[in-house]
There are 2 protein chains.
Amino acid sequence: MKILIVEDEVKTGDYLRQGLTEAGFVVDLARDGLDGLHLALSGDYDLIVLDVMLPSLDGWGILQTLRRSGRENPVLFLTARDQIEDRVRGLELGADDYLVKPFAFSEFLARVRTLLRRGRSHEPDTLRSANLELDLLRRRVTRCGQRIDLTAKEFALLELLLRRKGEVLPRSLIASQVWDMNFDSDTNVIEVAVRRLRVKVDDPFEPKLIRTVRGMGYVLEAMEPS
Amino acid sequence: MKILIVEDEVKTGDYLRQGLTEAGFVVDLARDGLDGLHLALSGDYDLIVLDVMLPSLDGWGILQTLRRSGRENPVLFLTARDQIEDRVRGLELGADDYLVKPFAFSEFLARVRTLLRRGRSHEPDTLRSANLELDLLRRRVTRCGQRIDLTAKEFALLELLLRRKGEVLPRSLIASQVWDMNFDSDTNVIEVAVRRLRVKVDDPFEPKLIRTVRGMGYVLEAMEPS
DNA sequence: CTTCGACGATCAGGATCTTCATTGTTTCGC
DNA sequence: GCGAAACAATGAAGATCCTGATCGTCGAAG
């Protein structure tokens with residue numbers, strides 16, 4: 001798997017390259033926009049990681065030219081916190097995902113892997129049930145088209161429930177997946193987390209999707225997306 | 001590496017066994033105290049994991065008999081939240097470490113690895129400088145013999161500083177080690193964390209150990225333990 | 001049908017960690 | 001030396017998550 005990183009900030013670039021290399025990828029690194037574009041056009045990359053702020057030619061410029069020349073490479077955008085609004089523009093131009101700096105490397109790697117798994121197709125991986133949607137890449141949840149903000153744990157929990165919708169998930173499973181915990185229980189984090197999730201995702205809507213199965217665990221009802 | 005787990009609670013036992021097996025260890029599992037003791041005495045284990053609460057013979061009983069028969073196997077105790085005071089007793093009897101349920105598997109694995117690395121010696125690994133001590137196994141910090149409670153992040157930060165005492169650690173390094181972050185900075189978590197750590201560890205004591213090196217990072221002064 | 005016990009839901013309080021705004025301090029060019 | 005800019009320290013507010021207590025509800029036994 002060959003990945004191109006276009007990043008001018010030396011530390012960040014080196015850091016990402018090293019991390020990806022250690023993870024077994026072949027990595028090229030360009031320090032400015034024009035170099036990046038040339039490499040992107042000449043090499044055959046499975047993924048391109050673009051910083052938005054770049055000297056000579058910025059991330060959008062590269063992306064735009066790239067897409068115009070018919071390349072469909074998956075693109076992961078890196079944007080700074082105060083440029084978050086750029087993401088809209090980036091996604092419109094055909095970026096496949098974005099990540100806000102500063103970020104954890106583990107998260108970066110997860111996104112990279114997801115993008116590679118998807119290959120070059122543009123369809124987003126989205127989990128659904130009834131009128132509930134979870135967009136894995138953009139880490140976004142909507143219900144009836146209405147955006148819902150979830151915290152990390154809430155998202156992880158909902159993702160698990162949706163991935164295995166229709167199945168009753170025992171607490172022990174939820175604990176190990178979402179909390180990495182070995183549960184002799186003695187704590188009710190799960191109940192509390194389910195509560196918080198319901199407040200945001202189920203309470204204001206119909207139908208109710210998260211169901212408690214007494215003595216067993218929780219299910220997210222599988223229903224045809226409406 | 002051969003590990004014995006003595007745990008009656010089925011879920012927990014299976015969970016631990018599976019995890020350790022996947023991590024490449026050879027694992028035996030006993031469901032009650034007597035079985036556990038027999039195995040412990042007959043097999044040649046590199047590590048024994050003991051639940052405190054057990055049918056027929058509890059964790060201490062096993063440990064006691066084991067030590068009396070001259071075995072020096074490293075022992076990791078598992079204790080429930082409300083039995084925390086047991087740990088004192090356990091450690092006195094010669095347990096090498098304890099872990100409070102419920103715990104994250106990743107933490108469990110880390111402890112197991114540390115114990116195995118130490119081999120069968122009983123000396124605790126402790127990091128020191130001047131009158132500051134950090135006990136890696138018991139996750140405990142003292143200064144001038146006085147116990148200091150640290151949070152997870154605080155502990156991780158201090159551990160890093162102590163492991164590399166005398167070295168100036170750049171923020172980027174600290175960020176990647178303690179936060180798993182790629183720092184284009186734009187945040188000052190590190191400064192804040194250092195602050196909190198200083199309040200607990202340095203402010204009330206002399207000499208001051210955590211020094212800021214402008215433009216570079218932070219050092220923890222290396223001084224002979226007093 | 002009623003009662004009791006187990007299980008889950010809910011709420012408040014608190015610990016931890018992060019962000020943001022402000023203030024303080026050092027450094028360097030003039 | 002002076003002043004500005006960079007860098008760090010600080011304080012406070014806010015977000016998230018966990019704990020513990022209490023309340024409610026379901027279901028089985030009588």
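As a basis for the values below, the full set of heavy atoms in this structure was taken, side chains included, without hydrogen atoms, waters or symmetry mates.
- A sub-4.0 Å separation between OP1 or OP2 of D/dT10 and a side-chain N or O of B/R198 is absent.
- B/F108 pairs with exactly one of B/F25, B/F77, B/F103, B/Y98 by the ring-ring contact (aromatic ring centres under 6.0 Å, His included) rule, that one being B/F103.
- Taking 4.0 angstrom as the limit, B/Y218 places none of its side-chain polar atoms (N or O) nearer than this to OP1 or OP2 of D/dC7.
- Neither OP1 nor OP2 of C/dT16 sits under 4.0 Å from any side-chain N or O of B/R196.
- When each of D/dA8, D/dT19, C/dT18 is scored by its nearest atom to the side-chain atoms of A/N188, the top-ranked nucleotide is D/dT19.
- Distance A/K200 NZ to D/dA15 C1': 10 Å, rounded to the nearest Å.
- Distance from the side chain of A/T151 is smallest for D/dC17 among the nucleotides C/dC20, D/dC17, C/dG8.
- Taking side-chain N and O atoms only, A/W179 has a distance below 4.0 Å to OP1 or OP2 of D/dC18.
- Between the CG atom of B/D202 and the C1' atom of D/dA8 there is a distance of 16 Å, given to the nearest Å.
- Look at NZ on A/K153: it is 16 Å from P on C/dT16, rounded to the nearest Å.
- Taking every side-chain heavy atom of A/R214 into account, C/dG8 is the closest of C/dG8, D/dA9, C/dA9.
- A/E191 has its CD atom 13 Å from the C1' atom of C/dA6, to the nearest Å.
- A salt bridge does not link A/R31 to A/D8: none of the charged nitrogens lies less than 4.0 Å from a carboxylate oxygen.
- Between the P atom of C/dT16 and the CG atom of B/L150 lies a distance of 10 Å, rounded to the nearest Å.
- The distance between atom CG of A/D149 and atom P of D/dC17, rounded to the nearest whole Å, is 13 Å.
- Looking at B/E224 and B/R128, no side-chain N of the basic residue comes within less than 4.0 Å of a carboxylate O on the acidic one, giving no salt bridge.
- For A/K208 and A/E206, the salt-bridge test passes: some basic side-chain N is under 4.0 Å from an acidic carboxylate O.
- In this structure, CG of A/L157 is placed 11 Å from P of D/dC17, rounded to the nearest angstrom.
- A salt bridge does not link A/R198 to A/E154: none of the charged nitrogens lies less than 4.0 Å from a carboxylate oxygen.
- Residue B/A152 is in sugar-phosphate contact alone, with no base atom involved, counting any heavy-atom pair closer than 4.0 Å across all strands shown.
- In this structure, the nucleotide among D/dG20, C/dT18, C/dC17 sitting nearest to the side chain of A/V192 is D/dG20.
- For the pair A/G215 and B/E154, nearest-nucleotide mapping onto DNA chain C gives the more 5' position to A/G215.
- For D/dT19, one of the phosphate oxygens OP1 or OP2 lies less than 4.0 angstrom from a side-chain nitrogen or oxygen of A/T187.
- Rounded to whole Å, atom P of C/dT19 lies 18 Å from atom CZ of B/R195.
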